[in-house]
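First the structure, in the form of structure tokens, and then the observations on it.
Naming: A, B, ... by sequence-line order, numbering from 1 per chain.
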Amino acid sequence: MNQDLRENYSYLLEDELLVEIEKHSLLKNYDCGDEIIRQGQYIKSIPLLIEGTIKVSRKDELDDEIMLYYIEEGETCAISMNCCLGNSKSQILARAETPTKLLMIPVEYMDEWMAKFKSWREFVLSSFQTRLNEAIYTIDSLVFLKMEERLMQYLRDKTKIVHDTAINITHQEIAKDFHTSRVVISRLLKKLEIEGDVKLHRNSIEVISL
DNA sequence: ACATTAAGTGATT
DNA sequence: AATCACTTAATGT
């Protein structure tokens with residue numbers, strides 16, 4: 001029946017389950033740029049990607065989109081599963097990045113399959129895990145950029161106080177001020193040094209770009 | 001020379 | 001980002 005399904009999922013999901021999926025899912029095709037899931041919409045089936053790439057994003061109060069992540073072949077959308085399970089509105093917007101082929105699985109089967117098929121349970125769980133990890137990573141990097149700016153500001157302020165471009169301070173002491181670990185500060189400072197904003201010495205930091 | 005403390009790094013969560 | 005574990009560099013005794 002469905003060659004594509006087998007190609008992408010046979011190593012992940014057991015045969016019996018694949019048959020079930022074939023029986024109950026609906027094959028859909030999208031062209032580049034097509035909206036698959038709109039923000040605020042209720043989701044009644046979860047997508048299983050067969051071919052193509054989907055960009056998942058979120059719109060803020062204004063109109064600009066914030067890209068959350070991509071879904072590629074052999075993956076599913078953890079957020080849409082979450083919406084299904086909670087029967088809540090979609091918080092996200094999914095758009096086909098390339099021509100896309102996917103299977104829509106009606107929500108009703110989620111529960112049944114979760115109980116019946118170990119492979120399905122693992123697949124769903126690992127999807128959640130992967131997604132969550134990526135989300136954490138994304139958030140961290142945003143905070144990280146803020147930290148770098150804060151650190152630079154902090155150093156500049158210090159030079160004003162000391163009336164010197166060289167500040168006598170250890171990474172550990174800075175870490176305390178920032179409520180973070182010494183390792184994090186060391187890494188940030190190292191980066192600033194590579195970027196040429198600062199010169200590092202033992203027990204002191206020289207601020208280059210004031 | 002040896003010990004102590006500061007700083008750098010990679011891997012993991 | 002945080003933490004661990006470990007290495008390397010600088011300094012003091």
Side-chain angles (χ1 to χ4, degrees), chain A residues 9 11-13 46 48-49 53-62 64-86 91-94 110 114 117-210:
Chain A
Y9 292 97
Y11 63 100
L12 270 174
L13 308 172
I46 63 160
L48 219 53
L49 241 197
T53 309
I54 295 174
K55 185 165 103 172
V56 177
S57 52
R58 187 172 162 64
K59 273 186 183 165
D60 65 2
E61 309 80 64
L62 307 169
D64 26 29
E65 284 180 25
I66 298 165
M67 203 274 277
L68 296 175
Y69 55 80
Y70 285 96
I71 305 173
E72 284 168 311
E73 299 183 19
E75 295 181 336
T76 186
C77 178
I79 290 185
S80 62
M81 286 197 278
N82 184 38
C83 289
C84 286
L85 266 36
Q91 294 295 107
I92 52 95
L93 171 76
M110 286 287 288
M114 281 286 265
F117 301 108
K118 197 176 117 206
S119 63
W120 180 253
R121 205 163 49 239
E122 280 167 359
F123 177 64
V124 170
L125 252 36
S126 83
S127 297
F128 274 117
Q129 208 215 359
T130 307
R131 224 71 272 173
L132 201 55
N133 280 342
E134 273 184 38
I136 287 168
Y137 183 80
T138 304
I139 292 167
D140 280 351
S141 63
L142 289 176
V143 175
F144 177 75
L145 288 177
K146 276 187 203 155
M147 277 280 276
E148 191 174 327
E149 284 168 22
R150 272 213 295 155
L151 181 56
M152 202 56 221
Q153 190 57 53
Y154 172 92
L155 294 172
R156 290 192 179 111
D157 288 348
K158 286 273 181 190
T159 61
K160 283 173 198 155
I161 295 164
V162 189
H163 296 106
D164 192 347
T165 58
I167 306 158
N168 275 73
I169 197 166
T170 67
H171 297 185
Q172 182 61 70
E173 285 167 329
I174 298 173
K176 216 177 73 200
D177 283 351
F178 279 74
H179 296 105
T180 184
S181 64
R182 188 226 96 218
V183 188
V184 171
I185 296 299
S186 291
R187 291 200 159 115
L188 286 170
L189 286 170
K190 192 73 205 168
K191 195 176 174 195
L192 288 173
E193 184 177 43
I194 291 166
E195 287 164 0
D197 295 325
V198 111
K199 187 103 174 73
L200 301 178
H201 309 282
R202 181 176 234 248
N203 289 313
S204 74
I205 299 166
E206 195 181 328
V207 181
I208 308 288
S209 68
L210 287 166

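A 4.0 Å heavy-atom criterion places the boundary nucleotides of DNA chain B facing chain A at B:dT5 to B:dA11, written 5' to 3'.
The nearest heavy atom of DNA chain B to A:Arg187 and to A:Gln172 marks one nucleotide each, and the one closer to the 5' end goes with A:Gln172.
Using a 4.0 Å heavy-atom distance criterion, A:Ser181 is classed as a base contact. Counting non-hydrogen atoms under 4.0 angstrom, A:Leu200 reaches the backbone sugars and phosphates but no base.
Within residues 147-159 of chain A, no residue has any heavy atom closer than 4.0 Å to DNA chain B. Contacts between residues 203-210 of chain A and DNA chain C, defined by a heavy-atom separation under 4.0 Å, are absent.
Remark: A:Arg121 pairs with no residue by the side-chain hydrogen bond (donor to acceptor under 3.5 Å, both in side chains) rule, at least two apart or across chains. Remark: A:His201 pairs with A:Glu206 by the side-chain hydrogen bond (donor to acceptor under 3.5 Å, both in side chains) rule, at least two apart or across chains. Partners of A:Ser80 under the side-chain hydrogen bond (donor to acceptor under 3.5 Å, both in side chains) rule, at least two apart in sequence or in another chain, do not exist in this structure. Evaluation of the salt bridge (Lys or Arg N to Asp or Glu O under 4.0 Å) rule for A:Lys118 yields no partner, not counting sequence neighbours. Annotation: side chain to side chain contact (heavy atoms under 4.5 Å, CB included) contacts of A:Ser119 (sequence neighbours excluded): A:Leu13, A:Glu14, A:Leu17, A:Phe117. For A:Gln129, there are no side-chain hydrogen bond (donor to acceptor under 3.5 Å, both in side chains) partners two or more places apart in sequence or in a different chain.
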Show me, pair by pair, the donor-acceptor contacts under 3.5 angstrom made by side chains of residues 152-160 of chain A, not counting sequence neighbours?
residue  : atom : partner  : partner atom : Å
A:Gln153 : NE2  : A:Asp157 : OD1          : 3.2
A:Tyr154 : OH   : A:Asp177 : OD2          : 2.5
A:Arg156 : NE   : A:Ser209 : O            : 3.1
A:Arg156 : NH2  : A:Ser209 : O            : 3.4
A:Thr159 : OG1  : A:Arg156 : O            : 2.5

field: Steps toward side-chain contact (heavy atoms from CB on, under 4.5 Å) verdict (A:Phe123, A:Leu48)
entry: CA-CA 11 Å; A:Phe123 177 64; A:Leu48 219 53; 3.7 Å; yes

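A:Ser204 contributes atom OG, which lies 10.0 Å from atom NZ of A:Lys199 (distance to the nearest 0.5 angstrom). A distance of 7.5 Å separates CD1 of A:Ile205 from CG of A:Leu151, quoted to the nearest 0.5 Å.
Listed by first and then second residue, the salt bridge (charged side-chain N to carboxylate O under 4.0 Å, His left out) pairs involving residues 186-198 of chain A are A:Glu148-A:Lys191, A:Lys190-A:Glu193 (not counting sequence neighbours).
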Could you list all N or O pairs between the protein and nucleotides 6-10 of chain C that sit under 3.5 Å apart?
residue : atom : partner  : partner atom : Å
C:dA10  : O4'  : A:Arg202 : NE           : 3.3
C:dA10  : N3   : A:Arg202 : NH2          : 3.4

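At least one side-chain heavy atom of A:Leu189 sits under 4.5 Å from a side-chain heavy atom of A:Ile174.
The shortest heavy-atom contact between A:Ile169 and A:Glu173 is CG1-OE1, 3.3 Å.
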